[in-house]
**Student:** 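Got a structure here, written out as C-alpha cells. Questions coming.
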2 protein chains.
Amino acid sequence: MFLLICFLAILVFMNAKELLKDHISKTISLSEEEFEYVLSHFKEHYFTKGQTIISAGDKVNHEYFVAEGCLKSFYINEEVKMFILQFSMPNWWTSDFEALYSGGKAKINVDCITDATVLALSNEDREKLCREIHTVEHFFRWRTNKGYVATQKRLLSFMNNDTKHRYEELLALYPQLYNLVPKHLIAAYLGVSRETLSRL
Amino acid sequence: MFLLICFLAILVFMNAKELLKDHISKTISLSEEEFEYVLSHFKEHYFTKGQTIISAGDKVNHEYFVAEGCLKSFYINEEVKMFILQFSMPNWWTSDFEALYSGGKAKINVDCITDATVLALSNEDREKLCREIHTVEHFFRWRTNKGYVATQKRLLSFMNNDTKHRYEELLALYPQLYNLVPKHLIAAYLGVSRETLSRL
DNA sequence: TTCCGATTGTGATGTATGTCACACAATCAC
DNA sequence: GTGATTGTGTGACATACATCACAATCGGAA
C-alpha cells in the first residue's frame with residue numbers, strides 16, 4: 001500500500017513537472033541539464049478543496065504554477081465583501097505578486113476551489129535562476145508581459161461591457177468554470193452581486 | 001537662429017536621454033559604454049498637444065518612454081465612447097502593448113494631452129538589446145512587473161471603490177492632473193460620465 | 001433517515017449613475 | 001471683435017444594480 005502511494009505520488013510528480021516543462025518550452029529553449037536544474041527549484045504541493053495557500057497578512061515568499069485543479073485569488077474589503085482577481089487553472093501562475101515583489105505582507109488571498117497540485121518557486125530561487133540563466137529571465141519577462149496584457153484587457157472589458165457581456169466572455173474563455181465553481185464566486189469575479197448574476 | 005534651435009534641440013535631447021538613463025539606473029547597473037549603446041537605439045520625437053502617436057488600426061512597432069509632457073492611451077468602442085487606460089507622465093512607458101507584442105493591429109490609441117517629448121524604441125531593438133545584454137532583459141522584466149501590479153491594483157480599485165473614492169485616489173497620486181487635463185478625460189479614466197464626475 | 005449548511009432563484013425597494021437637454025464660460029481661429 | 005468650438009455645470013428622467021427578505025433545492029454529516 002505504501003509503495004503504491006509512493007508510485008502514484010511519483011507519477012503525479014512527474015506529470016506536474018512535465019507540464020511545467022512543456023509550458024516553459026513554449027517560450028524558450030533549454031538543454032535537458034538546464035531543465036533539470038531549473039525544475040529542481042520547484043517544490044510540489046498538494047492541496048485539498050477549500051485549503052488556503054496565501055492569507056492576507058502573510059509574508060509572501062512563493063509564486064505557484066498550477067499543474068492541476070482550480071485556485072482563486074481574491075481580495076476581502078473592510079465590509080467583508082470578496083472580489084476575485086483571478087481563477088487559476090492549470091498552466092497559470094498565481095501569488096500575491098505585489099507582496100511577493102515588494103517584500104510586503106499579502107493583501108490578496110489564494111485558496112483552492114478544487115483539490116489542486118501546484119509547483120512552488122521561491123522569490124530568491126526565481127531571481128537566482130534569472131541571474132544564472134539568461135533565457136530563464138527571458139521566460140519570466142514574457143510570462144509577465146502576457147499577464148500584463150491580459151489584466152489590461154480585463155480592465156477595459158470592465159469599463160466597456162455590461163455584466164451579461166462579461167459573463168459570456170468569461171464562459172467563452174473557460175467553459176469548465178460554469179460547472180466547476182459556484183455562481184456567487186463568478187459574481188465576485190464579475191464584480192456584481194450574486195442576485196444580479198442569477199437574473200442575468 | 002538656426003544654431004540656437006540646434007543648441008536647444010541638443011539640450012532637450014540630452015535631457016530626455018539623461019532622464020531615461022536615470023530611470024534605467026534605478027533598476028540595473030550599466031557601464032558608460034553600455035548606456036551609450038542602449039540609448040543609441042532610442043529615437044527622440046517631439047509631438048504637439050493633440051497629435052496622435054498611435055491610431056487604432058495601425059501596425060504598432062514602437063514603445064515610448066515619456067520624457068516630457070502628458071499622453072493618454074485610450075480605447076474607443078462601437079458607440080464611439082472613450083475609455084482611458086492610462087495617463088502617461090514623464091518616466092512612464094506607453095504603447096499598445098498587446099499589438100506591439102503580438103504583431104497585431106492597434107486597438108488602443110495614444111495621443112498627446114500636452115506638448116510632449118518621447119523616446120521611441122522599436123520592438124526589434126528591444127528584443128535585440130534584451131538578447132545582447134542580460135541586465136537589460138532584467139530591466140524590462142521589472143518594468144513590466146511593476147506595470148502588471150499597478151494594473152491589477154487599478155482593477156481591484158475599480159471593483160471595490162466608488163467613483164468619488166477613485167477620483168480622490170487618482171488626484172492624490174497625480175495632483176498635476178487636476179489642472180492639466182480636462183474633466184471629461186478624467187471621467188473617461190474613472191469610467192463614469194462627465195456629468196457624474198461634475199456632481200461628485 | 002433526518003437535519004443543517006451551502007447554493008441558487010426571485011420579489012420589493014432604494015440608490016447611484018447614465019442619458020438627454022439646456023445654459024454658460026473660456027478659448028481659438030479668422 | 002465675432003463666431004465657432006470646447007469644456008463645464010445642472011435639472012429631469014430612466015435604468016441597472018445593490019440590498020434585504022424569503023423560499024426551494026441539494027449534498028453531506030450524524
Side-chain angles (χ1 to χ4, degrees), chain A residues 48-52 70 72 74-84 87 109 111-115 155-171 174-200, chain B residues 47-52 69-72 74-84 87 109 111-115 155-171 174 176-200:
Chain A
T48 55
K49 181 175 170 172
Q51 259 195 294
T52 296
C70 179
K72 66 176 191 283
F74 57 102
Y75 174 74
I76 306 280
N77 74 1
E78 320 75 46
E79 293 122 27
V80 204
K81 223 166 125 180
M82 178 176 72
F83 300 93
I84 294 183
F87 294 115
N109 309 270
D111 68 18
C112 300
I113 294 178
T114 67
D115 292 357
L155 184 62
L156 251 185
S157 178
F158 232 96
M159 297 200 281
N160 190 5
N161 304 129
D162 63 16
T163 304
K164 192 177 176 189
H165 195 294
R166 295 208 311 283
Y167 183 47
E168 287 160 358
E169 204 169 60
L170 177 67
L171 290 184
Y174 311 105
Q176 326 93 294
L177 284 183
Y178 187 82
N179 293 315
L180 196 60
V181 319
K183 302 279 168 288
H184 73 269
L185 292 184
I186 293 183
Y189 178 90
L190 297 173
V192 296
S193 69
R194 55 161 208 87
E195 293 94 330
T196 298
L197 181 64
S198 167
R199 288 185 257 255
L200 89 176
Chain B
F47 292 102
T48 56
K49 178 174 173 174
Q51 259 195 293
T52 297
C70 179
L71 316 185
K72 67 177 189 285
F74 58 104
Y75 174 74
I76 306 280
N77 73 2
E78 319 76 47
E79 293 123 27
V80 203
K81 225 167 123 180
M82 176 177 71
F83 300 93
I84 294 184
F87 294 115
N109 308 269
D111 70 15
C112 301
I113 295 178
T114 67
D115 292 356
L155 184 64
L156 251 185
S157 179
F158 230 97
M159 297 200 280
N160 190 5
N161 305 130
D162 62 15
T163 303
K164 191 177 175 187
H165 195 295
R166 295 209 310 284
Y167 183 47
E168 287 160 357
E169 206 169 59
L170 177 68
L171 289 184
Y174 310 106
Q176 326 93 292
L177 284 183
Y178 187 81
N179 293 313
L180 197 59
V181 319
K183 302 279 168 289
H184 73 269
L185 292 184
I186 293 183
Y189 178 90
L190 297 174
V192 296
S193 68
R194 55 163 207 85
E195 292 94 330
T196 299
L197 181 65
S198 168
R199 288 185 257 257
L200 90 176

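Just so it is clear: chains get the letters A, B, ... in the order the sequence lines come, proteins before strands, and each one is counted from 1. Bear in mind that the values here come from a model prediction, so they are computed numbers and not experimental data.
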**Student:** Is the shortest side-chain N/O distance from B/Thr163 to OP1 or OP2 of C/dT17 below 4.0 Å?
**Tutor:** yes

**Student:** Is there a ring pair (Phe, Tyr, Trp, His ring centres under 6.0 Å) between B/Phe87 and B/Tyr174? Walk through the geometry before answering.
**Tutor:** CA-CA 10 Å; B/Phe87 294 115; B/Tyr174 310 106; 8.3 Å; no

**Student:** Just checking A/Lys164: does its NZ atom have more than 12 heavy atoms from other residues, nucleotides or ligands closer to it than 6.0 angstrom?
**Tutor:**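 No, not enclosed.
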
**Student:** Nearest 0.5 Å, what's the CZ-CD1 distance between B/Phe74 and B/Ile84?
**Tutor:**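 Output value for this atom pair is 7.5 Å.
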
**Student:** Got a donor-acceptor contact below 3.5 angstrom from the B/Lys81 side chain to the B/Tyr75 backbone?
**Tutor:** no

**Student:** Tell me: CG of B/Leu180 to C1' of D/dG7, nearest whole Å?
**Tutor:** 15 Å

**Student:** Would you kindly compare B/Lys49 and B/Val192 by the position of their nearest DNA chain C nucleotide and give the one closer to the 5′ end?
**Tutor:**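 The residue mapped nearer the 5' terminus is B/Val192.
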
**Student:** Roughly how far, to the nearest 0.5 Å, is CD of A/Glu168 from CG of A/Asp162?
**Tutor:**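 Reported value, rounded in 0.5 Å steps: 8.5 Å.
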
**Student:** Listing time: all N or O pairs from protein to nucleotides 19-26 of chain D that are below 3.5 Å?
**Tutor:**
| residue | atom | partner | partner atom | Å |
| --- | --- | --- | --- | --- |
| D/dT19 | O4 | A/Arg199 | NH2 | 3.1 |
| D/dC20 | N4 | A/Glu195 | OE2 | 3.1 |

**Student:** Would you mind reporting whether A/Lys72 and A/Tyr189 have side-chain heavy atoms less than 4.5 Å apart?
**Tutor:**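 The answer is no, as the side chains (C-beta and beyond) never meet within the 4.5 Å cut-off.
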
**Student:** Rounded to whole Å, please give me the gap between CG in A/Leu200 and P in C/dT8.
**Tutor:** 13 Å

**Student:** Please report, rounded to the nearest Å, how far the P atom of D/dG7 is from the CG atom of B/Leu197.
**Tutor:** 14 Å

**Student:** What is the distance from CZ of A/Arg166 to C1' of D/dA16, rounded to the nearest Å?
**Tutor:** 12 Å

**Student:** How many whole angstroms separate atom CE of B/Met82 from atom P of C/dG18?
**Tutor:** 14 Å

**Student:** When the distance from CG of B/Leu185 to P of D/dT8 is rounded to whole Å, what number comes out?
**Tutor:**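 Computing the B/Leu185:CG to D/dT8:P distance gives 8 Å.
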
**Student:** Got a sec: does the NZ of B/Lys49 have more than 12 other heavy atoms crowding it under 6.0 Å?
**Tutor:**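 12 or below, so no.
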
**Student:** Expressed in angstrom and rounded to an integer, what is the separation of A/His184 atom NE2 from C/dA6 atom P?
**Tutor:**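 To the nearest whole Å, that distance equals 10 Å.
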
**Student:** By the 4.0 Å heavy-atom rule, please label A/Gly191 as base, sugar-phosphate, or nothing.
**Tutor:** sugar-phosphate

**Student:** Distance check needed: C/dT17 P versus B/Phe158 CZ, whole Å only.
**Tutor:**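 About 12 Å, once rounded to whole Å.
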
